[in-house]
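The structure under discussion appears below in the form of structure tokens.
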Amino acid sequence: MSERGGCGEPAWGPVHRDIVDLLADHPTDVPAVVDHLTKLQDMLVRLPPLLDSCPLADFNKLYLTITSSVLDGLYADRFVDPVFLSRLDVEFAARYFDALRMWSDASPSTPRAWACLFERMRGPDARPLPSAAAGVNAHINFDLPFALVTTFDHLESEPVDGSDQHHDYLEINKIFADKIPGLRRGYLEQWQLLIDMLNGEIDDWYQGELIHYTRDVAWRNAQRIWRCRHDPHQHERERRRLDDTAAALGRLLLSPLGAFLQ
């Protein structure tokens, strides 16, 4: 059984076996992704010593909300190319589940972008909003470009600005804009809620703009990786570059300074 931190306990404590068993299955469609995230959330909130305040649960809750909204959009014919959006959602989730699987196995291949959050599982100093932000950072700045490349490769297409696929990709920004304000307030303490109220809609606007910018950078990085996808050495350089950048930002978000700024 895998151990972390030299404490003699498995990576996920008393829910380790449940999480490992869940991750043994690989979702192949969006409903299955939502089901996995839902079951994972139920397990993460039982992870001591933080229980409901588990840092990874803070991110997983946000990810589950956004993915459920994407699924609703698919059912409502919101997207121009639902085949693309569905495949992207599955490939995107797969990278998150792969990172969890590697951490469960104590693998040195665990992306550093994710490890900086996973390492906080046993610490009392990870607050909800920075934890969620660190997860979003790892998933968008590191996972998303590679998920896009894998998706386009599978569909025998390519990331082109102004295409139907790009339109649907940008449509997800609207889902974030709709859901993030409520989610963000759910992470705040009473004194932070007071400041948030005094700020009016400024914080909501800022968060929306940040998500839009970050996802645009991910699209540009996907285009860059796409051009070198058949060059293993260049592809690995891009992987390391994005992992290092996301890990540095993740550590900042989880630092006392990052918590203060949020």
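- Checked against ring pair (Phe, Tyr, Trp, His ring centres under 6.0 Å), His167 has no partners two or more places apart in sequence or in another chain.
- Annotation: ring pair (Phe, Tyr, Trp, His ring centres under 6.0 Å) contacts of His26 (sequence neighbours excluded): none.
- Leu117 CG to Arg251 CZ: the interatomic distance, rounded to the nearest 0.5 Å, is 13.0 Å.
- Among pairs with a residue in residues 134-149, those fulfilling salt bridge (charged side-chain N to carboxylate O under 4.0 Å, His left out) read Arg95-Asp143, at least two apart in sequence or across chains.
- Residues Met102 and Ser109 share a closest heavy-atom pair of SD-O, 3.5 Å.
- The minimum heavy-atom distance between Ser69 and Ile175, with the atom names listed, is CB-CG2, 3.5 Å.
- Under 3.5 Å, the side chains of His139 and Tyr63 contain a donor-acceptor pair of N or O atoms.
- Note that CG of Asp18 and CG of Leu47 are 11.5 Å apart. Values are rounded to the nearest 0.5 Å.
- Note on Tyr169: it clusters hydrophobically with Val83, by side-chain heavy-atom contacts below 4.5 Å among ILVMFWY residues.
- Results of the salt bridge (charged side-chain N to carboxylate O under 4.0 Å, His left out) test with Asp243 over Arg240, Arg241, Arg239 single out Arg239 as the only residue that passes.
- Legend: residues meeting side-chain contact (heavy atoms from CB on, under 4.5 Å) with Ala115, ordered by chain and number and at least two apart, are Trp103, Thr110, Glu119.
- Under the 3.5 Å distance criterion, the side-chain polar atoms of His36 are matched with a main-chain donor or acceptor of Leu22.
- Ion pairing between Asp21 and Arg17 holds under the 4.0 Å rule for side-chain N and carboxylate O.
- The salt bridge (charged side-chain N to carboxylate O under 4.0 Å, His left out) search around Asp168 returns none, not counting sequence neighbours.
- The distance from atom CG of Asp89 to atom CG of Leu71, rounded to the nearest 0.5 Å, is 8.0 Å.
- Residues Val20 and Phe97 do not share a hydrophobic cluster, clusters being chains of Ile/Leu/Val/Met/Phe/Trp/Tyr side chains in contact below 4.5 Å.
- Among residues two or more places apart in sequence or in another chain, the salt bridge (charged side-chain N to carboxylate O under 4.0 Å, His left out) test is passed with Asp25 by none.
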**OP:** Take Thr245 and Leu249 through the test side-chain contact (heavy atoms from CB on, under 4.5 Å) and record every step on the way to the result.
**Re:** CA-CA 6 Å; Thr245 300; Leu249 181 54; 5.8 Å; no
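- Remark: Arg112 pairs with Asp244 by the salt bridge (charged side-chain N to carboxylate O under 4.0 Å, His left out) rule, at least two apart or across chains.
- In the hydrophobic cluster analysis, where Ile, Leu, Val, Met, Phe, Trp and Tyr join through side-chain heavy atoms closer than 4.5 angstrom, Val80 is grouped apart from Phe84.
- Smallest separation of non-hydrogen atoms from Leu242 and Phe142: C-CD1, 3.9 Å.
- Taking CG from Asp98 and OG from Ser107, the interatomic distance works out to 10.5 Å, rounded to the nearest 0.5 Å.
- Proximity of Trp12 to Leu56: side-chain heavy atoms (C-beta onward) are separated by under 4.5 Å at one or more points.
- The hydrophobic clustering, which links ILVMFWY residues whose side-chain heavy atoms are closer than 4.5 Å, places Val90 and Tyr75 together.
- Side chains of Pro159 and Gln165 form no contact here, defined as non-hydrogen atoms less than 4.5 Å apart.
- For Arg237, there are no salt bridge (charged side-chain N to carboxylate O under 4.0 Å, His left out) partners at least two apart in sequence or on another chain.
- In this structure, Thr214 contributes its side chain and Ile211 its backbone to no donor-acceptor pair below 3.5 Å.
- Closest of all the heavy-atom pairs between Ala99 and Pro111 is CB-CD, 4.2 Å.
- Taking the centre of each ring, Phe146 and Trp226 stay at or above the 6.0 Å mark.
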**OP:** For the pair Leu100 and Phe118, evaluate side-chain contact (heavy atoms from CB on, under 4.5 Å) and give the outcome as yes or no after the intermediate values.
**Re:** CA-CA 9 Å; Leu100 291 169; Phe118 296 161; 3.7 Å; yes
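- The two residues Leu253 and Pro130 make their nearest non-hydrogen contact at O-CB, 3.3 Å.
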**OP:** Show the numbers, then the answer: is there a salt bridge (Lys or Arg N to Asp or Glu O under 4.0 Å) between Asp105 and Arg101?
**Re:** CA-CA 6 Å; Asp105 294 338; Arg101 201 173 292 112; over 6 Å; no
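- No continuous path of ILVMFWY side-chain contacts below 4.5 Å connects Val217 to Val160, so the two sit in separate hydrophobic clusters.
- Checked by atom type and distance alone, the side chain of Asn141 never pairs as donor or acceptor with a backbone atom of Ala246 at under 3.5 Å.
- Atom NZ of Lys61 is separated from atom CD1 of Ile66 by 12.5 Å, given to the nearest 0.5 angstrom.
- Among pairs with a residue in residues 129-138, none fulfils salt bridge (charged side-chain N to carboxylate O under 4.0 Å, His left out), at least two apart in sequence or across chains.
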**OP:** Please test Arg46 against Asp42 for salt bridge (Lys or Arg N to Asp or Glu O under 4.0 Å), starting from the C-alpha separation and ending with a verdict.
**Re:** CA-CA 7 Å; Arg46 293 189 278 120; Asp42 291 340; over 6 Å; no
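- For residues 152-166, the salt bridge (charged side-chain N to carboxylate O under 4.0 Å, His left out) pairs, not counting sequence neighbours, are Asp161-Arg220.
- Here CD of Gln41 is found 6.5 Å from CG of Leu64. Values are rounded to the nearest 0.5 Å.
- Checked against the 6.0 Å centroid criterion, the rings of Tyr96 and Trp114 qualify as a close aromatic pair.
- Residues Ala138 and Ala113 come closest through the heavy atom pair CB-O, 3.5 Å.
- Applying the ring pair (Phe, Tyr, Trp, His ring centres under 6.0 Å) rule to Phe79 yields no partners; only residues at least two apart in sequence or on another chain are considered.
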**OP:** Check the pair Ile172 / Leu85 against side-chain contact (heavy atoms from CB on, under 4.5 Å), numbers first and verdict last.
**Re:** CA-CA 10 Å; Ile172 301 299; Leu85 226 295; 3.9 Å; yes
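- For residues 77-87, the pairs satisfying salt bridge (charged side-chain N to carboxylate O under 4.0 Å, His left out) are Arg78-Glu171, Arg87-Glu91, with sequence neighbours left out.
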**OP:** Check the pair Val45, Cys54 against side-chain contact (heavy atoms from CB on, under 4.5 Å), reporting the backbone distance first and the verdict last.
**Re:** CA-CA 6 Å; Val45 297; Cys54 168; over 6 Å; no
